[in-house]
Number of protein chains: 2
Amino acid sequence: MPRGMAELTGKTIAVLAAKGVERIELVEPRAAVDAAGATTHLLSVPDGVTDGTVQSVDGDIHPGETFPVHALVGEVSADDYDGLLLPGGAVNPDTLRQDPDALAFVKAFMDAGKPVAAICHAPWTLLEAETLSGRTLTSYPSIRGDLRRGGATVVDEEVCRDGNLVTSRDPDDVPAFSAAAVELFAGG
Amino acid sequence: MPRGMAELTGKTIAVLAAKGVERIELVEPRAAVDAAGATTHLLSVPDGVTDGTVQSVDGDIHPGETFPVHALVGEVSADDYDGLLLPGGAVNPDTLRQDPDALAFVKAFMDAGKPVAAICHAPWTLLEAETLSGRTLTSYPSIRGDLRRGGATVVDEEVCRDGNLVTSRDPDDVPAFSAAAVELFAGG
């Protein structure tokens, strides 16, 4: 099959985000996954949703578009999904990491070795779920000390691949991150 | 001198904050310190300031008032101040903890045992400055795991006092935090 042509047909990918998600980190990777043929579901947590939508931001504090939520993460199972996409933004994982259902959901993917793509501040949620000890990844600079204190090795690269885990640093990395996420979810 | 009556006369207190500071956690404790007779200076970092002001938020992602900045933290010395007030909000310390001048500034207060009052997400900056190992404090729930992994003991109390350090959890604690900050800065 030609690269990028419907290579994710038949797969369903969970996108987990809450208020304060960085808009471009939600929209562009999700569009790439959709374009590759997958079905994507935006999941959230009660404290991250208003009127059935997630409020995004542009550049951390400027309110951006809102996005309709498919379900709360506590209403679904990781078994229903072939992969997990975690966009960034500071307030987004700050909200997710306080929700036990969100932590159990991301931990289920990591424990099963199912593909997880996380950008910017998103690894902060994976850290709180105690899934990063001994793993190698990149992230937004502000949380790298936290990740290291949680036992991870942190590198400064556009895309870092460690087994089932693909990570990137910030909105500038989105094109490379999107391509790497599609490849990861395709089993590449 | 009657409690609360000009007990901070002659003292100068630094208030360190960046974009995304939680408005009420900046305004009310600062007003209490001002009312007790101190001079307060709002300090920030280059990435936290727009047009000479700090953009606050109400409830993490809703833009609030802006506040004029006295100076960048790299332009002043901790020696010029009698105490340090650190308001919360998620994006605020996320920005501060990436700035070496901000980290050196807060570390200077902590190393000297000078009074520091921090609320909500603010201890996240103290953590990044490597000043919390062995200390006891409280914080917003989302960062407690990070603080513990940094060697701190975290409690769930309205106000926690550990030597030179006063901490509180969230906006609901602001009245008690403001009173405790004034008492701390007064040398009580």
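Everything numeric here is computed off the predicted structure, so don't read it as measured data. Here is how names work: the chains are called A, B, and so on, in the same order as the sequence lines, proteins then strands, and each is numbered from 1. FYI, side chains are in, hydrogens and waters are out, and symmetry mates aren't considered; it's all heavy atoms of this structure.
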If one checks every heavy atom of Leu147(A) against chain B at 4.5 Å, the contacting part turns out to be neither
Honestly curious: do Val15(B) and Leu8(B) fall in one hydrophobic cluster under the side-chain, below-4.5 Å linking rule? yes
Over 60° means perpendicular and under 30° means parallel, so classify the ring planes of Tyr81(B) and Phe105(B), tilted if in between. perpendicular
Who wins among Thr95(B), Ile143(B), Leu96(B), Asp94(B) for the most heavy-atom pairs under 4.5 Å with chain A? Asp94(B)
State plainly whether one hydrophobic cluster holds both Val174(B) and Leu85(B), where clusters connect Ile, Leu, Val, Met, Phe, Trp and Tyr through side-chain heavy atoms under 4.5 angstrom apart. yes
Identify which part of His121(A) has an atom lying under 4.5 Å from any heavy atom of chain B, answering side chain, backbone, both or neither. side chain
Any side-chain donor-acceptor pair under 3.5 Å between Asp80(B) and His41(B)? no
Chain A: which of His62(B), Arg144(B), Glu128(B) shares the most heavy-atom pairs with it under 4.5 Å? Glu128(B)
